[in-house]
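See structure below.
Small disclaimer: the values here were computed from a predicted structure and weren't measured. Numbering of ligands and ligand atoms starts at 1, following listing order.
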Amino acid sequence: MVRTRFAPSPTGQLHVGNVRTALFAYLYARKHHGQFLLRIEDTDSERSEAIYTEKLMDDLRWLGLTWDEGPDKGGPYGPYAQSERLSLYHEYAKKLIDEGRAYYCYCTPEEVEASKQKMLAEGKPPHYDGRCRHLSRSQREAFEKEGRKPAIRFVAYDQEYRLQDVVKGEVHFPRGMVGDFVIIRSNGLPVYNYAVVIDDYLMKITHVLRGDDHLSNTVRQLMIYQALGAPVPVFGHMALVLGPDKQKLSKRHGVTSIEEFRRLGYPPEALLNYLSLLGWSSPDGREILSMEELIHLFDLDRLSSSPAVFDYDKLDWISKHYIIQMPLERLYEMAIPFFVETGWVTENDLRDPEKKTFYLGVLDLIRGYCHRLADIKDHLVYFLQENFPIEPEAEPFLALETTPKVLHTFYENLQKENREIDELVFREMAMNMMKETGVKGKNFFLPLRIAITGRVSGPEIYFILPLIGKEKALQRISHLMMKLSQR
Ligand code: GLU
């Protein structure tokens with residue numbers, strides 16, 4: 001049975017880099033009809049905050065990366081937050097002590113540092129020298145009497161370790177890399193490298209996918225697996241996601257947290273589709289893949305060992321594809337907050353069955369011009385506002401000598417047109433108007449568009465006109481004519 005997990009530390013916003021590994025773990029579990037777990041690694045009590053746990057669960061739910069076992073759901077191997085598992089860490093530490101694989105260490109930080117310096121002076125690797133390994137009972141009691149609280153230190157064997165990593169290939173950790181290391185601090189809290197092994201072992205995790213910033217930690221983890229006599233899971237360490245300048249992806253490249261992508265209105269399935277391509281590729285090279293297809297096609301042997309570069313343009317391209325393809329009703333539900341955010345319409349209006357047809361029609365028209373839902377505002381404005389801005393690109397067309405004549409003709413023809421305006425009617429009108437004015441092409445069409453929308457591009461005029469109505473269209477044309485005449 002495949003069991004994978006996502007084990008975030010609730011110390012900040014969920015980041016695309018983390019979610020990418022969560023996605024791979026999720027896909028692999030789903031592909032093999034296994035389980036995907038969520039475990040909260042919150043033993044760093046100074047940096048962890050409960051609010052981030054709530055936030056990250058909310059983001060994962062929004063993405064649709066649902067977990068089978070986790071802090072909110074429970075499961076057979078809980079609890080699923082490390083802060084609630086302290087007794088387990090102590091129980092196993094006690095076992096390791098009884099077996100001679102760990103010991104109480106009473107050294108102060110200064111003494112530890114001094115011992116490392118001494119090793120260095122002797123020409124040895126600067127590890128803790130193990131002076132507490134063989135304390136007698138009376139020595140321990142003496143330390144306790146002084147009020148010292150012991151840490152628990154693991155006995156590191158001086159041997160080499162090898163890892164068959166599914167992404168990196170064979171990784172070799174030579175001898176002497178680590179000395180005896182603390183697994184439980186004197187304050188009773190476990191360190192990451194220890195807690196993660198106890199948890200992955202007790203939760204029967206079979207595959208660990210994570211960022212390669214954890215690769216150097218893995219040797220300590222292998223040592224602990226060995227000491228526990230526990231099976232080592234399959235490891236895959238993904239190279240970190242880079243920004244376009246090949247530096248680690250960070251805020252200075254643009255948005256990076258799921259919350260921000262959410263706020264900009266990227267559909268979750270588009271974001272996941274894009275993230276799946278960061279370090280993985282489908283066997284036939286297709287890039288637009290539904291969740292079902294991803295689950296079907298995903299495999300560990302197609303994970304790439306070279307770092308992936310986050311390409312915002314490509315994400316936009318994929319996102320636009322989803323926005324265009326999505327069932328309109330679903331897009332509408334997603335778009336409601338973005339409509340409301342403009343301040344031009346209320347949620348009640350949007351939910352009013354009589355008004356809804358109009359808003360649905362508008363959304364259907366403008367969705368082809370949006371990379372994310374925050375973009376709807378640019379095109380929504382000329383459907384919902386009369387004082388929409390005129391974009392600077394329009395200026396050369398407004399300055400044309402022929403434009404007042406074109407607008408005037410448009411006004412007159414529109415006024416006397418009694419048929420419902422559709423594509424055919426509009427084309428016929430345009431043909432006549434071009435004949436009448438002697439103006440053709442962009443110089444003819446763009447002034448019309450600018451009068452109605454303030455923009456030089458967007459949906460076809462004959463789709464826009466029926467939605468805004470003849471009355472408003474005439475007002476807009478005459479408004480622009482007046483503006484031009486005052487120049
Ligand atoms: N809590 C660790 C992190 O967020 C988890 C690393 C792991 O997956 O082992 O980086």
Side-chain angles (χ1 to χ4, degrees), residues 2-29 35-57 59-60 65 67 69-71 77 79-86 88-89 161 163 165-168 171 173 181 183 185 189-225 228 230-241 248-250 256-258 275 279 300 303:
V2 167
R3 288 173 59 84
T4 65
R5 47 57 164 198
F6 178 44
S9 304
T11 54
Q13 295 281 357
L14 203 53
H15 180 278
V16 280
N18 285 332
V19 171
R20 187 227 5 198
T21 43
L23 170 64
F24 292 159
Y26 173 87
L27 293 176
Y28 195 68
Q35 278 107 32
F36 172 65
L37 281 68
L38 176 64
R39 181 174 71 230
I40 303 298
E41 304 210 323
D42 56 353
T43 52
D44 182 346
S45 53
E46 271 168 33
R47 294 177 57 229
S48 298
E49 287 184 44
I51 180 77
Y52 288 127
T53 300
E54 288 307 316
K55 278 250 8 129
L56 73 90
M57 292 204 287
D59 285 343
L60 290 173
L65 294 181
W67 51 97
E69 298 167 28
Y77 304 99
Y80 292 87
Q82 289 190 329
S83 56
E84 293 168 27
R85 299 175 60 80
L86 297 183
L88 286 166
Y89 307 132
Y161 288 83
L163 173 69
D165 189 282
V166 288
V167 179
K168 301 277 175 197
V171 184
F173 301 102
F181 57 93
I183 54 175
R185 298 189 184 87
L189 292 177
V191 302
Y192 157 71
N193 279 312
Y194 172 66
V196 76
V197 173
I198 297 297
D199 290 347
D200 285 340
Y201 167 48
L202 294 179
M203 293 180 181
K204 299 194 162 43
I205 298 301
T206 58
H207 296 73
V208 171
L209 297 176
R210 61 186 175 197
D212 69 0
D213 47 336
H214 285 293
L215 188 59
S216 62
N217 283 323
T218 311
V219 63
R220 287 181 171 78
Q221 298 177 19
L222 291 175
M223 290 175 166
I224 299 171
Y225 278 108
L228 293 170
V232 178
V234 174
F235 282 101
H237 286 92
M238 301 292 308
L240 297 185
V241 179
K248 189 177 163 197
L249 184 69
S250 75
T256 54
S257 73
I258 299 305
L275 293 181
L300 300 177
L303 290 175

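Residue contact check: Glu41 has heavy atoms under 4.0 Å from atoms 1 (N), 2 (C), 5 (C) of ligand 1. Below 4.0 Å from some heavy atom of Ser9 lie the following atoms of ligand 1, by number and element: 1 (N), 2 (C), 3 (C), 4 (O). Listed by number with element, the atoms of ligand 1 under 4.0 Å from a non-hydrogen atom of Val196 are 9 (O).
Below 3.5 Å of separation, one finds an N or O of Ala7 facing an N or O of ligand 1.
For His214 and Tyr192, the gap between ring centers is short of 6.0 Å.
Ion pairing between Arg5 and Glu69 fails under the 4.0 Å rule for side-chain N and carboxylate O. Ion pairing of Asp200 with Arg39 is present here, as a side-chain N (NZ or NE/NH1/NH2) and a carboxylate O approach within less than 4.0 Å.
Judged by a 6.0 Å distance limit and a 45° cone about the ring axis, Arg3 is not positioned over the six-membered ring of Phe36.
The single protein non-hydrogen atom nearest to atom 8 (O) of ligand 1 is Arg5 NH1, 2.5 Å, given as residue, atom name and distance. The protein non-hydrogen atom at the shortest distance from atom 10 (O) of ligand 1 is His214 NE2, 2.7 Å.
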Report task. Could you walk me through whether Arg185 and Thr43 pass the side-chain hydrogen bond (donor to acceptor under 3.5 Å, both in side chains) test, one step at a time? Result -> CA-CA 11 Å; Arg185 298 189 184 87; Thr43 52; 5.6 Å; no
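For Tyr192, the heavy-atom gap to ligand 1 drops under 4.0 angstrom.
When each of Thr4, Leu23, Leu303, Thr206 is checked for a side chain to side chain contact (heavy atoms under 4.5 Å, CB included) with Tyr28, only Thr4 meets the rule.
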